[in-house]
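Report on the following structure.
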Amino acid sequence: METDRIFITEKDYLRLTNLMESSTSHNLEDLEVELDRASIISDNEVPNDLVTMNSKIKFLDLKTNKDSIITIVYPQDANTNEAKISIFAPLGSALIGLKKNQKISWKFPNGKTKSLKVLEVLYQPEAAEDWHL
């Protein structure tokens, strides 16, 4: 994993730490590391190119040169058929807190390391002022 600076909104940080404490999932260490290294910012400080919870993003797998569009959601909203990826999934944990053009190398459960780059934040609740999300 790279150690470039990432940012998490205060609201997302609180919700995620509460979810992790009450979760029975045992594979949350990577997300925990990400949250520990993140700088926490208030919702009104969020740049519109930052990947936050419920953001729809376009990213590139630098090894395969394949781009994909996903939305990072809370576990109860995950639906792979709609490209809604849980924050508890390795891909969600890898991309949260990154900005447009930021890259990360992330080891997945299958042992392979993927290099990912955020190409665009297509939708972000804070930029859209969707405060209920």
Side-chain angles (χ1 to χ4, degrees):
M1 287 178 275
E2 290 181 5
T3 56
D4 285 347
R5 192 168 180 188
I6 65 168
F7 298 89
I8 300 288
T9 68
E10 184 177 17
K11 176 183 66 183
D12 288 348
Y13 179 82
L14 292 172
R15 284 183 180 174
L16 290 172
T17 53
N18 286 336
L19 267 176
M20 289 169 56
E21 288 173 4
S22 63
S23 175
T24 57
S25 179
H26 300 289
N27 299 324
L28 301 178
E29 295 86 14
D30 290 337
L31 179 57
E32 194 172 330
V33 169
E34 287 297 275
L35 292 178
D36 286 346
R37 78 179 182 100
S39 296
I40 300 171
I41 56 176
S42 67
D43 287 346
N44 60 2
E45 295 177 306
V46 178
N48 60 6
D49 64 346
L50 179 70
V51 179
T52 63
M53 289 302 301
N54 296 302
S55 289
K56 184 175 187 175
I57 62 168
K58 183 176 186 178
F59 72 95
L60 178 67
D61 182 322
L62 294 168
K63 290 184 179 179
T64 64
N65 207 30
K66 180 179 183 249
D67 62 55
S68 301
I69 296 175
I70 64 165
T71 302
I72 298 176
V73 298
Y74 291 99
Q76 68 272 16
D77 299 322
N79 182 329
T80 54
N81 292 332
E82 297 176 5
K84 293 181 178 180
I85 305 301
S86 170
I87 185 64
F88 285 4
L91 184 59
S93 297
L95 295 170
I96 192 74
L98 298 180
K99 289 184 176 181
K100 180 180 177 179
N101 294 321
Q102 195 169 5
K103 300 173 191 172
I104 191 165
S105 293
W106 194 265
K107 189 172 185 177
F108 281 72
N110 64 4
K112 294 184 180 179
T113 298
K114 292 187 179 188
S115 294
L116 309 173
K117 178 181 179 181
V118 176
L119 297 176
E120 190 174 355
V121 178
L122 302 168
Y123 168 81
Q124 179 204 77
E126 292 79 7
E129 296 186 5
D130 283 346
W131 304 117
H132 67 281
L133 293 176

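- The two residues Ala94 and Ile104 come nearest to each other via the heavy atoms O-CD1, 3.5 Å.
- Summarising the geometry of Pro47 relative to Lys99, their closest heavy-atom pair is CG-CE, 3.8 Å, with the distance given to 0.1 Å.
- Checked by atom type and distance alone, the side chain of Ser93 pairs as donor or acceptor with a backbone atom of Ile87 at under 3.5 Å.
- Applying the salt bridge (Lys or Arg N to Asp or Glu O under 4.0 Å) test to every pair with at least one member in residues 73-82, sequence neighbours left out, gives these pairs: Glu82-Lys84.
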Audit row: Ile69, Phe59, side chain to side chain contact (heavy atoms under 4.5 Å, CB included) steps and yes/no
CA-CA 6 Å; Ile69 296 175; Phe59 72 95; over 6 Å; no
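- Contact record, Trp106 with Asp30: CZ2-CB, 3.4 Å, taken as the closest heavy-atom pair.
- Side-chain N or O atoms of Gln124 include none that pairs as donor or acceptor with a backbone N or O of Met53 at under 3.5 Å.
- Formation of a donor-acceptor pair under 3.5 Å by the Glu34 side chain with backbone atoms of Leu31 is not found in this model.
- With hydrogens and angles ignored, the 3.5 Å screen pairs a side-chain donor or acceptor of Ser55 with a backbone N or O of Thr52.
- In this structure, CD1 on Ile57 lies 9.0 Å from CG on Leu119, to the nearest 0.5 angstrom.
- Side-chain atoms of Leu95 and Val118, non-hydrogen and from C-beta on, do get closer than 4.5 Å to each other.
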Please set out all donor-acceptor pairs under 3.5 angstrom arising from side-chain atoms of residues 60-67, sequence neighbours excluded.
from  : atom 1 : to     : atom 2 : distance (Å)
Asp61 : OD1    : Lys63  : N      : 2.9
Asp61 : OD1    : Thr64  : N      : 3.3
Lys63 : NZ     : Thr113 : O      : 2.7
Thr64 : OG1    : Lys66  : N      : 3.3

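- Both Ile70 and Ile8 are assigned to one and the same hydrophobic cluster, defined by single-linkage of ILVMFWY side chains at heavy-atom distances under 4.5 Å.
- Closest of all the heavy-atom pairs between Ile6 and Ile96 is CD1-O, 4.0 Å.
- Annotation: side chain of Ile85 is not in contact with side chain of Thr71 (no heavy-atom distance under 4.5 Å).
- Judged purely by atom type and a 3.5 angstrom limit, Glu45 uses its side chain to pair as donor or acceptor with the backbone of Ser42.
- Remark: Glu10 CD is loosely packed, at most 12 non-hydrogen atoms of other residues, nucleotides or ligands lying under 6.0 Å away.
- Residues Leu98 and Phe7 form no side-chain contact, since every pair of their non-hydrogen atoms from C-beta on lies 4.5 Å or further apart.
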Does the pair Lys112 and Lys107 meet the rule for a side chain to side chain contact (heavy atoms under 4.5 Å, CB included), with working shown?
CA-CA 6 Å; Lys112 294 184 180 179; Lys107 189 172 185 177; over 6 Å; no
Take Leu35 and Leu16, measure what side chain to side chain contact (heavy atoms under 4.5 Å, CB included) needs, and give me the verdict at the end.
CA-CA 9 Å; Leu35 292 178; Leu16 290 172; 4.0 Å; yes
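- Each of Val121 and Val46 belongs to its own hydrophobic cluster when Ile, Leu, Val, Met, Phe, Trp and Tyr are linked at side-chain heavy-atom distances under 4.5 angstrom.
- Taken from CD1 in Ile41 to OH in Tyr13, the straight-line distance is 14.0 Å, to the nearest 0.5 Å.
- For Glu120, there are no salt bridge (charged side-chain N to carboxylate O under 4.0 Å, His left out) partners at least two apart in sequence or on another chain.
- Contact detail for Arg5 and Arg37: the closest heavy-atom pair is N-NH1, 4.2 Å.
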I would like to know whether Leu19 and Thr17 meet side chain to side chain contact (heavy atoms under 4.5 Å, CB included); could you show each step before the answer?
CA-CA 5 Å; Leu19 267 176; Thr17 53; over 6 Å; no
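- With Ser86 contributing its side chain and Phe88 its backbone, the two residues share a donor-acceptor pair below 3.5 Å.
- The CD1 atom of Ile40 sits 10.5 Å away from atom CG of Asp12, with the distance rounded to the nearest 0.5 Å.
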